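Predicted model, so just to flag it, every value in this text is computed and none were measured. Chain letters run A, B, ... following the sequence lines, proteins first, then strands; residues in each count from 1.
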Number of protein chains: 2
Amino acid sequence: MGKKQPDSCGLGPALEVISGKWKALLLWQVHKAPARFGELKRLVPDISEKMLIQQLREMEADGIVHREVFPEVPPRVEYSITEFGIELDNALIPLARWGKQHAGRTDGQRPGKASALAPRGL
Amino acid sequence: MGKKQPDSCGLGPALEVISGKWKALLLWQVHKAPARFGELKRLVPDISEKMLIQQLREMEADGIVHREVFPEVPPRVEYSITEFGIELDNALIPLARWGKQHAGRTDGQRPGKASALAPRGL
DNA sequence: TCAAGTACCGACAAAAATGTAAGCCACCCA
DNA sequence: TGGGTGGCTTACATTTTTGTCGGTACTTGA
């Protein structure tokens, strides 16, 4: 970090925020509607509880999702998208369109990939 | 892949294509101007040769950069951005703007991060 | 009393991504 | 004959990310 490079285009922070295996998927789920922990678990069946909570916490720290505890019985925790998250979502639309338009050129070509990242159905 | 989910928004492929530690940076460099191997090495000083060639090859496989060998002496290899890559670049602009606008909310908050991904100056 | 549901935490292990260092081959120049 | 450049390749090590599995605390229902 000695010399500040003139090429700070903002992509770094942005990519960091969504580049978890499940983050985009989770962002999209809470974008559709607020959801509670167990609900998200059901919506994204292949995620483990550890990963679910971990990614949610990071997204919370990054300000794109909001976590609210309702002191009821049984306890209820709801995750919802923030304004900040909605803007991110919108910024992702062109990228999604790009991926959709040219689907098939990249996907399925590399056999050894596509297992760790991009679970499926993005 | 048993049941096709209705939520194929294209983000998966797109994220897979740019989510390497150096890919966005490299895409941006070849976007500015075609460059040869050693040139890229100089432009992105912290990348190792192995990573450089690896990421370039993957980007080539994904169709976003083009590799051309000039049978000269000394041998010359030039990497340039493709049409496909330019479109990707454009699709990334809103995302970059998002990251730039809200810089500081995410960056620098998590001490243990920012080392593996997003080298610097994105 | 036992099972089940909700929302987690944490140790450990596997897998994936990245880094380090060395070597290769063809050529040029001295 | 030896060193330097260009564009790689390969083996191996380290770091980062993700997964597995078990446990916690509380409460309701059978």
(message) Just N and O in the side chain of B/R76: are any of them under 4.0 Å from OP1 or OP2 of D/dT5?
(response) no
(request) Measure from CD on B/E72 to C1' on C/dC28 and round the result to the nearest Å. (result) 15 Å
(request) Side chain of A/K50 only, please: which of C/dC8, C/dA11, C/dG19 is the nearest? (result) C/dA11
(message) In this structure, how many angstroms lie between the P atom of C/dC9 and the CG atom of A/L52, rounded?
(response) 11 Å
(message) Expressed as a whole number of angstroms, how long is the span from B/Q54:CD to C/dA17:P?
(response) 9 Å
(message) Taking the nucleotide of DNA chain D with the nearest heavy atom to each, does A/S48 or B/E39 sit closer to the 5' end?
(response) B/E39
(request) Over 60° means perpendicular and under 30° means parallel, so classify the ring planes of B/W98 and A/F84, tilted if in between. (result) parallel
(request) Specify the closest pair of heavy atoms between A/Y79 and A/R57, including all atoms of both residues, with the distance to one decimal. (result) OH-NH2, 4.5 Å
(request) Let me know the distance between CZ of B/R36 and P of D/dT5, rounded to the nearest Å. (result) 13 Å
(request) Find the distance between CG (B/L43) and CG (B/L52) and round it off to the nearest 0.5 Å. (result) 10.0 Å
(message) With a 4.0 Å limit, can you tell me whether A/R57 has a side-chain N or O closer than that to the phosphate oxygens OP1/OP2 of C/dC8?
(response) yes
(request) Please state how far atom CZ in B/F37 lies from atom C1' in D/dT5, giving the value in whole angstrom units. (result) 13 Å
(message) So, OP1 or OP2 of C/dG19: does either fall under 4.0 Å of a side-chain N or O from B/K21?
(response) yes
(request) Measure the CG-CG distance between A/L95 and B/L11 for me, rounded to the nearest 0.5 Å. (result) 5.5 Å
(request) Drop me the distance from B/I64's CD1 to A/H102's NE2, to the nearest 0.5 angstrom. (result) 11.5 Å
(request) Quickly work out the A/I53 CD1 to D/dT24 C1' distance and round it to whole Å. (result) 14 Å
(request) Send over the distance from B/E49 CD to C/dT20 C1', rounded to a whole Å. (result) 11 Å
(request) Provide, to the nearest angstrom, the distance between the CD atom belonging to B/E58 and the P atom belonging to C/dA16. (result) 14 Å
(request) Describe the nucleic acid contact of A/Y79 in one word from base, sugar-phosphate, nothing, applying a heavy-atom distance below 4.0 Å. (result) sugar-phosphate
(message) Considering every strand and a 4.0 Å limit on heavy-atom distances, what is the contact class for B/P75: base, sugar-phosphate, or nothing?
(response) sugar-phosphate
(message) Quick check for you: among D/dT18, D/dT28, D/dC8, whose closest atom lies nearest to any side-chain atom of A/M51?
(response) D/dT18
(message) Categorize A/Q55 for me: base, sugar-phosphate, or nothing, with a 4.0 angstrom heavy-atom threshold over every strand shown.
(response) sugar-phosphate
